[in-house]
Chemist: 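Supplied in structure tokens, the structure appears directly below.
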There are 2 protein chains.
Amino acid sequence: MSAESKNATQRSDARRAQILAAASDCFRAYGFHGASIARISEASGMSAGHIYHYFENKEAIIEAIVEQDIERLLTLNTELRSASDIKGALIERAAEGVEGKLNPHSAGLQMEIMSEAARNPRMAAFVQAADQSCLASLTETIRSLRHMAGHKDSDTAILGMAEVIAAMFEGLQFRVIRNPRIDKDIIIPIFRRAIHDLLNQPSLGIE
Amino acid sequence: MSAESKNATQRSDARRAQILAAASDCFRAYGFHGASIARISEASGMSAGHIYHYFENKEAIIEAIVEQDIERLLTLNTELRSASDIKGALIERAAEGVEGKLNPHSAGLQMEIMSEAARNPRMAAFVQAADQSCLASLTETIRSLRHMAGHKDSDTAILGMAEVIAAMFEGLQFRVIRNPRIDKDIIIPIFRRAIHDLLNQPSLGIE
DNA sequence: CCATGTAGAATGAGCGCTCAAACTAGAACG
DNA sequence: CGTTCTAGTTTGAGCGCTCATTCTACATGG
């Protein structure tokens, strides 16, 4: 690749990023369908027509943003898995997780994504695939934890624990909208303890 | 009120209900902003213009549906509170709660409502007021439970427990979209146990 | 014959998206 | 060095359409 074309690609990538950032703000403020191309173009400081040089259509912008969001989630996930002390990491990182989920900004976008996924099969497949990956990682972590502690669990039981832990964290994104006064410093120790207890539930051999 | 006007009111109420039912379906399928008046009118079997005899505008329809949904939540809440054996009721009703939250139909509408609340202050005030009521009820229940068990907790600690329990249940509405294969029969016993453990956490005297 | 219920065409705004033209900057050339 | 050429970038008017909402006209039962 020549230097010129590389610069061109860089500039083009920058424009794409510029659009995505502006669109992200607009989607948060007006929703996927309420945010018009006109508004996005204004927010990104370029003409409406120009946006179509970088994205095929509005749907493609939405998908790019969801993809971005999911990518962030997945890298966070692999980071956690590569920790040396798994159990410590899980409990320790709980604080981070709580804080992240309690960010109203990201919660708003997440609501938008999920409400879209609830009715758009394409989007549903997207978030479900990402979730499978996260869930697989989390169950593996729990499995080794439980095994080390001498528990005998069925696969479904371990999956269930993972689901409940996931529900706890994701539920915070509801909570921060329903009650913006929620205090993370109160929540974190209760969360830590709850996760600890959950991972020490008696063996569940249901199959 | 005369018999005639009463009949008229009844018929009018029936029409309103008819519109709300149709609109509810459309909103689930297309979202608040994606569902057009034309579609709602078709689904409700009446003309577009006629809808404006019963609702001032589209916003009013949305609000009526949210109001309906919240009312259902609040009556469920008072029901729980009037149970004779509070602790038993809380653990027992967990199964019902899990099942309810795992209904994809209601989860979809809830996502829609919450994503709207995340950007529309009017809607936000609505769901926050309803949540205050539910939270107050739940904290009162937890307070008496913990007091009977001899624990000494600060108000904020009890509020924190309520928040975490709420997050668990509400999080299931995320889960059912992210992973439609989730199995309630696995989840329920883990939930019961987790709530039990949560309510038996050591005293938290933070203030 | 009036009040109310109902329909559906009309209205103007705003939508996503296209496209021909204008602009820009660097290459090629004399 | 100045001038033309060229190819990519950017614009904004405008197309066809759908939207929420309004208006006019008709039906119908008391």
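The shown structure was predicted, so the numbers you read here are calculated from the model rather than taken from an experiment. Each chain gets a letter, A, B and so on, in the order the sequences are listed, and its residues count up from 1.
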Chemist: Figure out the OH/C1' separation between A/Y30 and C/dG16, and round it to whole Å.
Modeler: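 These atoms are roughly 18 Å apart.
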
Chemist: Return the 5'-most residue of the pair B/S47, A/A38 with respect to DNA chain C, ranking by each residue's nearest nucleotide.
Modeler: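 Nearest-nucleotide comparison on DNA chain C picks B/S47.
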
Chemist: Starting from C1' on C/dG14, measure out to CD1 on A/I40 and report it in whole angstrom.
Modeler: 15 Å

Chemist: Is it true that B/D197 and A/R193 have a side-chain N and a carboxylate O under 4.0 angstrom from each other?
Modeler: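 Salt bridge flag = no for A/R193 with B/D197.
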
Chemist: Students often mix this up, so state it plainly: with edges at 30° and 60°, are the rings of A/H53 and A/H50 parallel, tilted or perpendicular?
Modeler: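 Ring orientation of A/H53 relative to A/H50: tilted.
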
Chemist: What is the separation between atom CD1 on B/I61 and atom P on D/dT21, rounded to the nearest whole Å?
Modeler: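 Value for this atom pair: 8 Å.
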
Chemist: From C-beta outward on B/Y54, which listed nucleotide comes closest to its side chain: C/dA7, D/dA20, C/dT6?
Modeler: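 Shortest atom-to-atom distance from the side chain points to C/dT6.
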
Chemist: To the nearest Å, give me how far apart CG (B/N57) and P (D/dT21) are.
Modeler: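 So the CG-P distance, B/N57 to D/dT21, works out to 5 Å.
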
Chemist: Within 45° of the six-membered ring axis of A/Y30 and under 6.0 Å from that ring's centre, is NZ or CZ of A/R39 located there?
Modeler: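 Checked: cation-pi criterion met.
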
Chemist: Please determine if A/R175 and B/E170 form a salt bridge, counting it only when a charged side-chain N lies under 4.0 Å from a carboxylate O.
Modeler: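 Looking at B/E170 together with A/R175, the answer is yes, because their closest N to O distance falls below 4.0 Å.
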
Chemist: From C/dT6, C/dA7, D/dT22, pick the nucleotide closest to the side chain of B/R15?
Modeler: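 Between C/dT6, C/dA7, D/dT22, the one nearest the side chain of B/R15 would be C/dT6.
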
Chemist: If I take atom OH in residue A/Y52 and atom P in nucleotide C/dC19, what distance separates them, rounded to the nearest angstrom?
Modeler: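 Going from OH in A/Y52 over to P in C/dC19 covers 13 Å.
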
Chemist: Would you mind telling me which of C/dA7, D/dA20, D/dT10 lies closest to the side-chain atoms of B/H50?
Modeler: C/dA7

Chemist: Using the side-chain heavy atoms of A/S36, tell me which of these nucleotides is nearest: C/dC17, C/dC15, D/dT11.
Modeler: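 Nearest nucleotide to the side chain: C/dC15.
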
Chemist: One thing to verify: whether A/R143 and A/D153 come together as a salt bridge, which I'm taking to mean a side-chain N less than 4.0 angstrom from a carboxylate O.
Modeler: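 No salt bridge links A/D153 with A/R143.
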
Chemist: Which one, C/dA7, D/dT21, C/dC15, comes nearest to the side chain of A/R39?
Modeler: C/dC15

Chemist: I need the CE-P distance between A/M46 and C/dT24, as an integer number of Å.
Modeler: 17 Å

Chemist: Starting from C1' on C/dT6, measure out to CZ on B/F55 and report it in whole angstrom.
Modeler: 16 Å

Chemist: Looking at the side chain of B/H53, which of D/dT21, C/dG16, C/dT6 is the nearest nucleotide?
Modeler: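 Of all the options, the side chain of B/H53 is nearest to C/dT6.
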
Chemist: Round to a whole Å and report the spacing from CD1 of B/I37 to C1' of C/dC15.
Modeler: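 The distance from CD1 of B/I37 to C1' of C/dC15 comes to 17 Å, rounded to the nearest Å.
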
Chemist: If you only use heavy atoms from C-beta on, which nucleotide in D/dT10, C/dC17, D/dA20 is closest to the side chain of A/K58?
Modeler: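 Out of D/dT10, C/dC17, D/dA20, the nucleotide with an atom closest to A/K58's side chain is C/dC17.
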
